[in-house]
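To start, the structure under review is shown below, and the notes come after it.
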Amino acid sequence: MRLKLAIQKSGRLSEASLELLRACGVRLRLHEARLLAHAQGMALDVLRVRDDDIPGLVMDGVVDLGLVGENVLEEATLARQASGEAHALERLRALDFGRCRLSLAYRGEDAHADVRSLEGRRVATSYPQLTRRYLQQQGVQAQVVNLAGSVEVAPRAGLADAICDLVSTGVTLEANGLREGEVIFRSQATLLARGGEWNDAQRELLGRLLRRIDGVQRARESKYIMLHAPTDRLGAVRALLPGSEHPTVLPLAGDPGRVALHAVSKEAVFWDTMEGLEALGCTSILVLPIEKMLTGGEA
Ligand code: PRT
Ligand code: ZN
């Protein structure tokens, strides 16, 4: 018994998707020509396709799992709702990559343009469902023009008055003389599961994959801190360390006034925290990345 997982073949999510799988102990030998890769290390088959196909493959139960941007998922779900097709699936985890926003954008020279000024006008987008839903919510009647690519050139080409497109840094909008307006949707990569029956073996395997994903995500957020602290300042030192509950405190050979403290911090450790530790008399302060983490039931 193996589970099938669909990921983006080549694009912005591919590298991070493969890296997450690698971190979960899923080893893949990819062949450019082959759609399906048989993984080692976990009973998974990985299907590599265009991201737009992933929600449909999961909703139709062709694959068990999919890894895709919430923007693509939401657009596909709305399209299926509109046509009365089945769209059952479950969102299992939001993943920490592929972040972007879907925003309206106006010509730079239309300094006061906003969604209201689109009444009776034309908006170009690759996300017609999400765009229409937002316009409806705002009570604005505008024509939505569906473009699969190069949406950002539509205003200059005279095809539309505004666009609704994905933005991450904003550089593309700026390069095309556009100004970002209302953010209508925020997105990141997400792990989806098909609806329908899951047998015990499938559920067990999915549970194992999710625990590994959680372990990877927790490890990425956490840091391992090591330092030497004056014994009499230990309380103050511990109070400074974010999200570290049970530090290990060890004696330092030949130095009764100082101890070594090791702790896992569940938050990022910033320079001001390190400077605070230094000010308390701590020395040899090290902050290390953690590669993998299982807490054995502890939150
Ligand atoms: O071939 P396939 O259909 O699989 O890929 P695709 O071309 O449809 O998608 P791809 O690889 O471009 O993006 C995949 C997913 O990455 C998207 O669905 C989002 O969930 C996520 N993502 C994150 C982004 C961006 N950031 C992003 N900046 N997708 C697209 N962009 C584009 C945007 O459309 C615009 O053209 O990047 C440009 C804007 O970027 P900035 O940095 O200039 O603002
Ligand atoms: Zn796509």
Side-chain angles (χ1 to χ4, degrees), residues 12-28 41-42 67 69-70 91-101 167-171 183 186-191 204 206-299:
R12 283 167 199 264
L13 302 181
S14 315
E15 218 12 78
S17 303
L18 289 173
E19 203 198 298
L20 175 66
L21 290 175
R22 255 193 305 273
C24 290
V26 177
R27 295 189 301 281
L28 289 172
M42 258 199 134
L67 219 162
E70 281 163 355
R91 293 169 201 223
L92 295 177
R93 291 292 184 277
L95 302 167
D96 210 18
F97 62 90
R99 276 180 212 280
C100 57
R101 52 197 190 269
V167 183
S168 53
T169 61
V171 168
V183 175
R186 289 190 189 274
S187 181
Q188 60 190 315
T190 178
L191 179 71
E204 207 272 322
L206 176 57
R208 184 141 30 108
L209 179 65
L210 289 178
R211 277 193 300 280
R212 290 188 184 186
I213 289 176
D214 292 344
V216 171
Q217 300 223 102
R218 215 177 299 123
R220 279 184 188 158
E221 288 159 12
S222 306
K223 296 283 173 251
Y224 196 79
I225 305 167
M226 302 197 288
L227 52 81
H228 294 173
T231 315
D232 57 356
R233 310 297 281 278
L234 210 49
V237 168
R238 287 184 56 177
L240 257 190
L241 292 174
S244 55
E245 270 137 48
H246 306 292
T248 307
V249 179
L250 304 162
L252 278 179
D255 192 348
R258 302 173 68 73
V259 285
L261 182 145
H262 292 192
V264 172
S265 166
K266 293 187 186 122
E267 296 163 33
V269 179
F270 296 104
W271 279 110
D272 46 1
T273 304
M274 297 192 50
E275 286 156 4
L277 291 167
E278 207 174 27
L280 284 170
C282 295
T283 52
S284 308
I285 307 168
L286 296 180
V287 178
L288 310 173
I290 295 173
E291 193 186 80
K292 294 186 182 69
M293 189 156 144
L294 283 181
T295 53
E298 199 183 310

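We use all heavy atoms of the structure for the numbers below, so side chains are in, but hydrogens, waters and symmetry mates are not.
Distance check, rounded to the nearest 0.5 Å: OG of S187 to CZ of R101 gives 12.0 Å. Between the CG atom in L294 and the CZ atom in R218 there is a gap of 7.5 Å [rounded to 0.5 Å]. Separating the CG atom in L277 from the CG atom in D272 is a distance of 10.0 Å, to the nearest 0.5 Å. Distance check: K292 NZ to I290 CD1 gives 12.5 Å after rounding to the nearest 0.5 Å. The line from CZ of F270 to NZ of K223 is 10.0 Å long, rounded to the nearest 0.5 Å. Rounding to the nearest 0.5 Å gives a distance of 8.5 Å between CZ of R12 and SG of C100.
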Set out, in order, the CA-CA distance, both residues' side-chain angles and the distance that settles side chain to side chain contact (heavy atoms under 4.5 Å, CB included) for L13 and L67, then state yes or no. CA-CA 9 Å; L13 302 181; L67 219 162; 5.8 Å; no
Going through the distances and angles, do L227 and V237 end up as a side chain to side chain contact (heavy atoms under 4.5 Å, CB included)? CA-CA 10 Å; L227 52 81; V237 168; 4.2 Å; yes
Run the numbers on R238 and L261 for side chain to side chain contact (heavy atoms under 4.5 Å, CB included), then give the verdict. CA-CA 9 Å; R238 287 184 56 177; L261 182 145; 4.1 Å; yes
Might you work through the side chain to side chain contact (heavy atoms under 4.5 Å, CB included) test for V167 and V183, ending with a clear yes or no? CA-CA 9 Å; V167 183; V183 175; over 6 Å; no
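Evaluation of the side-chain hydrogen bond (donor to acceptor under 3.5 Å, both in side chains) test over residues 225-234, restricted to residues two or more places apart or in two chains, returns none.
Within a 6.0 Å sphere centred on CD of E291, other residues, nucleotides and ligands contribute 12 heavy atoms or fewer. For R186, the CZ atom is loosely surrounded, since the number of other residues' heavy atoms within 6.0 Å does not exceed 12. Atom CG of L288 sits in a crowded spot, with more than 12 heavy atoms from other residues, nucleotides or ligands closer than 6.0 Å.
Contact check for L206 versus L92: side-chain heavy atoms found under the 4.5 Å cut-off. Counting heavy atoms from C-beta on, the side chains of P230 and L280 never come closer than 4.5 Å. Contact check for L241 versus S265: no side-chain heavy atoms found under the 4.5 Å cut-off. At least one side-chain heavy atom of E70 sits less than 4.5 Å from a side-chain heavy atom of Q188.
Of all non-hydrogen atoms in M293 and S222, the two that sit nearest each other are CE-OG, 3.8 Å. L191 and L95 make their closest contact through N-CD1, 4.1 Å (heavy atoms, listed as atom of the first residue, atom of the second, distance). Considering every non-hydrogen atom in both E278 and I285, the closest pair reads N-CD1, 3.9 Å. Across all non-hydrogen atoms, the minimal contact from A229 to C282 is CB-SG, 3.9 Å.
Applying the side-chain contact (heavy atoms from CB on, under 4.5 Å) test to A23 and every residue at least two apart in sequence or in another chain returns V216, R220.
Remark: the backbone N or O of T190 is not paired with any side-chain donor or acceptor of R93 at under 3.5 angstrom.
Under the 3.5 Å distance criterion, with hydrogens and angles disregarded, a donor-acceptor pair is assigned to the side chains of T283 and R258.
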